[in-house]
Amino acid sequence: MHHRGPGHAVQPGHRRRRRLHGRRRAMTDPTGTVRTRFCPSPTGTVHVGVMRAALYNWAYARHTGGTFVLRIEDTDAARNTAESERHLLDCLRWTGLDWDEGPEVGGPHGPYRQSERSDVYREVVAKLLSAGHAYESFSTPEEVTARRVAAGQDAKLGYDGADRFTTDAAKAAFRAEGREPVIRLQMPEADLSWVDHVRGEVRFAAGAVPDFVLVRGNGSPLYTLVNPVDDALMGITDVLRGEDLLPSTPRQLALYAALTDVGVATATPRFGHLPLVMGEGNKKLSKRDPQSDFDVYRERGFLPEGLVNYLALLGWSIADDRDVFSPEELAAAFDVDSVSANPARFDLKKAEAINATHLRALPVADFVARVTPFLTAAGLVTDPPTVEQQRVLEAIAPLAQERMIVLSEAVGLLAFLFVDEVEIDPAAAEKQLSGPESAEVLDAATDALTALDEWTTPALEAALKQALVEELGRKPRQAFGPVRVAVSGRTVSPPLYESMELLGRERTLARLAAARARTGT
RNA sequence: GCCCCCAUCGUCUAGCGGUCCAGGACGCCGCCCUUUCAAGGCGGUAGCACGGGUUCGAACCCCGUUGGGGGCACCA
C-alpha cells in the first residue's frame, strides 16, 4: 500500500496547501505512524453519523498502515450502560471495523474504558493544578450569570474568569460554607488556531473561549478533560470527529498545551472535522429521527459492505466516475485530506441503490447464506434448512437476488415457496383475481397444466403461452397476472415458470383452484 | 446575541486558474428488452447563490452580501 502518513512528503493535489500551512503550527506535530480513535459514549441507539465517523477513523488508520483505537467514554455513569456498550461493539464488528486496541482486545495504553481510569485523571489534574494551568473555581452558574447581567452583557458569554486569583483564605471561607469548587483550565491570552484536515486553517480569537470546567464540584472528571487526556496518553495523532465538536477544539488545544507543559502530552494531534450528516429538512440528523438509528439498516437487511460504501460517500468520493467499492478498496484509497467540508444529507434511495448493487454482485452461495437468517426468523425455513428447503433456496436465489434491494425483502418475495397455502395480498387479489376474465384465465391455465405431463420450466412456459396467449387471445400481462397472483400471492414475484416448477404440480394446481374460487364467478 | 463552519444539478459529489457552453452517481422522464415487478441497455432532465475585485483568462483566488448549518453546560 501507498503510505502517506503525516510527516511524509505531501501528495499532489489541492490539499497540499493545508499541509504547507501546517508548517506554521505553533505546537508540536505528532510524529510516527498514524493513530486514530473512535471514542463513543454508549448511551443507547447507535447513530449513523457516529458510525460514519468511526468508519473514517478506521479507514484512515488502515490506509496509512496505522492503528485504530477504540475507547469507551462512559464518564457519565447515569447515561451509560453495559448493554449499550455491548451493542456498540456488535455494530462495529458487524460493520467490519476492527480495532487494534480497545475493549476486549487490550493494548499497551489501557484500560480503554474511562470509568476505569479515574486514578489517571486525578493525577493529571493534580499536575495541572500545581503548575498553575488549572484552578479551583467557586462561582456558581447563577453567580456567573448575575455578574454578566450586572455588567450589561449577554449571559451566553459564559464564565468570566473571576475566580482565577481567589486567595487561599477566600477558598477556605467558601469551603466553610459548604461550597465545592469545580476545576477550570486557565485559557491562554493568545489566538488559538490549527490546520484542520478537512477545513484548512481555523482560528479563534484570544479570549473568545472562557475558562472551562475540567472537574465537577463532586470531583468527577468531565469529557472536556478526559477526552484530550486520553488522546494524549494513548498517543492519538489524528482526531477525526464531527463538525459539531469544532467549537470545542480551542479548548482542547489549550489543554494540550498545558498537558505538554506538565509532561503528560508530547504532541498535539492533528484535527479533522467531518461534515455533519443531515436528515430531512436541512437539520442535523438527530437521535430522535428513526433514519438515524444504525440498527434499522441492519434489520432491514442492508449488507455491511453496502452500508459502508454508502456511508463513506457521505463526504468523500473514490473517483470522479465511480461510487461503488468494497471496504478494502475504501481502506486502500481513503484520505481524510480529501474529505468534503459540506454537510451531507442522508439519502435513503441512494443508500438502497448502492446496497442493491452489492447484493446483486454477491456469489449465489454467499447470497443464500446471508438471506437464510431472515427466512428462518420469519419461520419460513427451519434452522438449519432442510435439504429440500436448501434445494429450493439455491434454485430460486439467482432469480430473487436481482430483484431485491435489502435481504429482508426475501421474506415477502419467497414466502410462497415455503408454505402449503399461499396468503394472497388483498390488493393483488383485487387487481388480478376478480371478474370473469380472471376466472377464464385461471380455468384455461388449470386445464392446460393438468394435462401437462412434464413439469419443467420450458414445458410450463409453452403450455401457458399456448393456452392463454394463443387460444384465449390474451395479452401477456393479462394472461399471466392472475396466474402469478394465484401462485405467489403477489403481483411481484420471481419469474413465473421457474417458480411453478419449484412449487411442484400439486401445490400449483391447488393454488389455481383456490384463486379460482375467489373470483366469485 | 456572540463565535465558528459551509455554499457546483432535487440529493451525494468531480472540479485544485485555461483541456468545463461543468463530469459521475442516486432520483426523475422516455425508449429498448420483456410473462408482472425489477434488473440490464440506450437517451434525456437539471447546477457553479449574488455582487464586487485580482487576472489576458475564475466554478476554482480575495472581499462583501445573502442563504444554510453547528456551537455557546458542573452532557458527550
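Because only heavy atoms are used, hydrogens play no part in the values below, and waters and symmetry mates are left out as well, while side chains stay in. The shown structure was predicted, so the numbers you read here are calculated from the model rather than taken from an experiment.
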Quiz prompt | Phe334(A) vs Phe325(A), ring-ring contact (aromatic ring centres under 6.0 Å, His included): CA-CA, chis, key distance, verdict | solution = CA-CA 11 Å; Phe334(A) 184 79; Phe325(A) 48 84; 9.8 Å; no

Self-check item: Minimum-distance nucleotide (side-chain atoms of Ser317(A) versus A14(B), A76(B), G69(B))
Solution: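 Minimum distance to the Ser317(A) side chain belongs to A14(B).
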
Practice problem: Find out whether the Lys NZ or Arg CZ of Arg251(A) is both under 6.0 angstrom from the six-membered ring centre of Phe212(A) and within 45° of the ring's axis. | Solution: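 Yes, Arg251(A) sits over the ring of Phe212(A).
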
Exercise. Kindly confirm or rule out a cation-pi arrangement of Arg184(A) over Tyr159(A), judged by NZ or CZ under 6.0 Å from the six-membered ring centre and within 45° of its axis?
Key: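 The answer is yes, since Arg184(A) meets both limits relative to Tyr159(A).
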
Quiz item: How is Gly315(A) classified with respect to the nucleic acid when contacts are heavy atoms under 4.0 Å: base, sugar-phosphate, or nothing?
Solution: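 Sugar-phosphate, backbone atoms only, no base.
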
Exercise. May I ask you to say what Leu245(A) touches in the nucleic acid, namely base, sugar-phosphate or nothing, with a heavy-atom cut-off under 4.0 Å?
Key: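 Answer is base: heavy atoms of Leu245(A) come under 4.0 Å of a base.
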
Spacing between [X] atom [atom1] and [N] atom [atom2], to the nearest angstrom:
X	N	atom1	atom2	value
Arg184(A)	C74(B)	CZ	P	6 Å
Arg199(A)	C4(B)	CZ	C1'	10 Å
Leu246(A)	C5(B)	CG	C1'	6 Å
Asn342(A)	U8(B)	CG	C1'	9 Å
Glu243(A)	A76(B)	CD	P	21 Å
Leu313(A)	G24(B)	CG	P	16 Å

Quiz prompt | Selection: residues 144-162 of chain A, any non-hydrogen atom under 4.0 Å of RNA chain B | solution =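 When residues 144-162 of chain A is checked for heavy atoms under 4.0 Å from RNA chain B, the hits, listed by number, are Asp154(A), Lys156(A).
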
Practice problem: Classify every nucleotide of nucleotides 30-45 of chain B by which part a protein heavy atom approaches to under 4.0 Å, writing B for the base, S for the sugar-phosphate alone and - for neither, in 5'-to-3' order. | Solution: -----BBBBSS-----

Quiz item: In the structure shown, which nucleotide is the Watson-Crick or G-U wobble counterpart of A22(B), with both distances under 3.5 Å?
Solution: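 Paired with no nucleotide.
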
Quiz prompt | Identity of whatever pairs with G64(B) - Watson-Crick or G-U, under 3.5 angstrom | solution =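 G64(B) is paired with C50(B).
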
Distances under 3.5 Å only, N/O to N/O: pair up the protein atoms with those of nucleotides 27-29 of chain B.
none

Quiz item: Ring centroid separation for Tyr310(A) and Phe302(A), is it under 6.0 angstrom?
Solution: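 Tyr310(A) vs Phe302(A): aromatic centres not under 6.0 Å.
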
Quiz prompt | Mutual orientation of the aromatic rings belonging to Phe480(A) and Tyr497(A) [parallel < 30°, tilted 30-60°, perpendicular > 60°] | solution =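 Ring orientation of Phe480(A) relative to Tyr497(A): perpendicular.
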
